[in-house]
Amino acid sequence: MNMMASPPAPVQIEVVFDLVCPWCYLGVSRLMRMLEARREVAVELQWRPFLLNPDIAPGGIPRQDYLVRKFGGEERARRLHGTIAEMGRLEGIDFHFELIRRVPQTLDAHRLLRWAGRHGNADALVMALFAAHFREGRDIAHYETLAALAAAHGLDGDAARLFLASGLDTEAVHAENLRAHRLGINGVPCFVLGGGNAIAGAQEPEVLERLLDVALAD
């Protein structure tokens, strides 16, 4: 063995997702569980925005209006959410859809994650944003909520607030969203491992682990 050899480069995993997608919360949680079991593997997560509702106004939309537009009404949404909630419980996620009063536009949350990626660990912030929305019903389009979450996860809350107010990275998020569509990604979550192997959906950890092993072998 060459003791002077450089350690292998980390495997890059691109996660294409949106923060108001419950399947994304489920899928990312499964990814994190798989990576926790494979801590010997160096991994670099790259968070790629996918705007499920790009036409929603910055202030969001009342949940009832969204359910009618998205699902045709609350009854169909309740059945779907019941299925997701049951799957979430198996992952340790307590979905509380009833606490969500407004469905937010996620542009600014994605901007914050780009900023966090440059100034600290964005991985924990992703999970905090999911939890704030789906467990607590907090408005993740509100600058104060976003800055508070950033501060709670080791980042400078005042700097986060200034960044959000600046509008920086707005075009970058839109460009990444457009890139995802041009690559043929039309559903999230989508995981791209090692720059090549891609799979969509809230996959089981075992499926993601097999793709990780393929990326390691390439």
Side-chain angles (χ1 to χ4, degrees), residues 13-32 45-63 65-71 77 80-81 83-85 87-88 91 93 95-97 99-117 122-143 145-146 149-150 153 160 164 167 169-193 198-203 208:
I13 301 179
E14 296 182 66
V15 184
V16 186
F17 75 111
D18 200 3
L19 289 154
V20 292
C21 167
W23 295 109
C24 291
Y25 190 9
L26 186 63
V28 170
S29 295
R30 288 173 170 173
L31 172 68
M32 294 302 200
L45 295 174
Q46 298 181 339
W47 302 101
R48 305 296 192 193
F50 189 96
L51 302 176
L52 283 171
N53 306 299
D55 56 335
I56 284 184
I61 183 175
R63 181 170 180 266
D65 294 349
Y66 178 80
L67 295 181
V68 169
R69 188 174 78 172
K70 189 81 172 180
F71 303 107
L80 177 60
H81 288 164
T83 299
I84 297 172
M87 297 174 72
E91 289 294 324
I93 300 172
F95 283 100
H96 286 287
F97 295 103
L99 297 180
I100 301 171
R101 295 289 175 258
R102 297 183 71 81
V103 175
Q105 183 196 84
T106 56
L107 172 65
D108 290 324
H110 283 298
R111 289 175 52 226
L112 181 68
L113 287 173
R114 287 179 60 87
W115 176 83
D123 301 352
L125 186 55
V126 169
M127 302 310 292
L129 286 163
F130 274 131
H133 178 64
F134 286 112
R135 294 187 180 198
E136 303 168 20
R138 296 170 69 182
D139 185 355
I140 59 169
H142 193 271
Y143 285 2
T145 300
L146 293 172
L149 289 169
H153 290 81
L164 290 165
D169 277 356
T170 295
E171 291 306 315
V173 170
H174 283 301
E176 291 234 26
N177 178 61
L178 181 60
R179 170 181 175 268
H181 285 282
R182 285 177 171 169
L183 289 173
I185 298 172
N186 51 30
V188 287
C190 182
F191 306 97
V192 184
L193 286 83
I199 191 167
Q203 300 294 329
L208 295 168

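The figures here come from the full heavy-atom set of this structure, side chains too, leaving out hydrogens, waters and symmetry mates. Along the sequence shown, the residues carry numbers beginning at 1.
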Under the ring-ring contact (aromatic ring centres under 6.0 Å, His included) rule, collect the residues that match up with F95, sequence neighbours excluded.
Y25, F97, F134
Using salt bridge (Lys or Arg N to Asp or Glu O under 4.0 Å) as the criterion, list what pairs up with E91, not counting sequence neighbours.
R30, R33
Looking only at heavy atoms, which two atoms of A150 and A160 are closest? And how far apart?
CB-CB, 4.0 Å
Heavy-atom closest pair, residues V20 and T106:
CG1-CG2, 3.6 Å
Could you tell me if the side chain of L208 sits less than 4.5 Å from the side chain of I13, heavy atoms only?
no
How many angstroms lie between atom OH of Y66 and atom CG of N53, to the nearest 0.5 angstrom?
4.0 Å
With sequence neighbours left out, which residue pairs that include part of residues 128-137 fulfil the salt bridge (Lys or Arg N to Asp or Glu O under 4.0 Å) condition?
E136-R138
Say you draw a straight line from CG of D108 to OG1 of T170; how long is it, rounded to the nearest 0.5 Å?
6.5 Å
Is the closest side-chain heavy-atom distance between V126 and M32 below 4.5 Å?
no
The side-chain hydrogen bond (donor to acceptor under 3.5 Å, both in side chains) partners of W47 (sequence neighbours excluded) come to D123
Here the pair of heavy atoms bringing L129 nearest to A109 is CD1-O, 4.4 Å
Atom of P49, atom of V16 and distance for their closest heavy-atom approach
O-CG1, 4.4 Å
If I compare all heavy atoms of M127 with all of S29, which pair ends up nearest, and what's the gap?
CE-OG, 3.5 Å
Nearest-0.5 Å distance that lies between atom CG in L112 and atom CG in L107:
11.5 Å
R69: what forms a salt bridge (Lys or Arg N to Asp or Glu O under 4.0 Å) with it, not counting sequence neighbours?
D55
With no hydrogens and no angle check, is any side-chain donor or acceptor of Q105 less than 3.5 Å from a backbone partner on I56?
yes
Looking at residues at least two apart in the chain, or sitting in another chain, which of them share a ring-ring contact (aromatic ring centres under 6.0 Å, His included) with H110?
F17
Among all residues two or more places apart in sequence or in another chain, which pass the side chain to side chain contact (heavy atoms under 4.5 Å, CB included) test with R101?
none
Side chain to side chain contact (heavy atoms under 4.5 Å, CB included) involving D139 - partner list, sequence neighbours excluded
P104, A141, H142
Which atom pairs, donor and acceptor, lie under 3.5 Å between side-chain atoms of residues 173-189 and protein residues at least two apart or in another chain?
| residue | atom | partner | partner atom | Å |
| --- | --- | --- | --- | --- |
| E176 | OE2 | R48 | NH1 | 3.3 |
| E176 | OE2 | R114 | NH1 | 3.0 |
| N177 | OD1 | L51 | N | 2.8 |

Taking all atoms of both residues into account, what is the closest heavy-atom pair of F71 and L80, and its distance?
CE2-CD2, 3.5 Å
Rounded to the nearest 0.5 Å, how far apart are CD1 of I140 and CG of L149?
8.5 Å
Would you check if M87 and L26 make a side-chain contact, meaning some heavy-atom pair closer than 4.5 Å?
yes
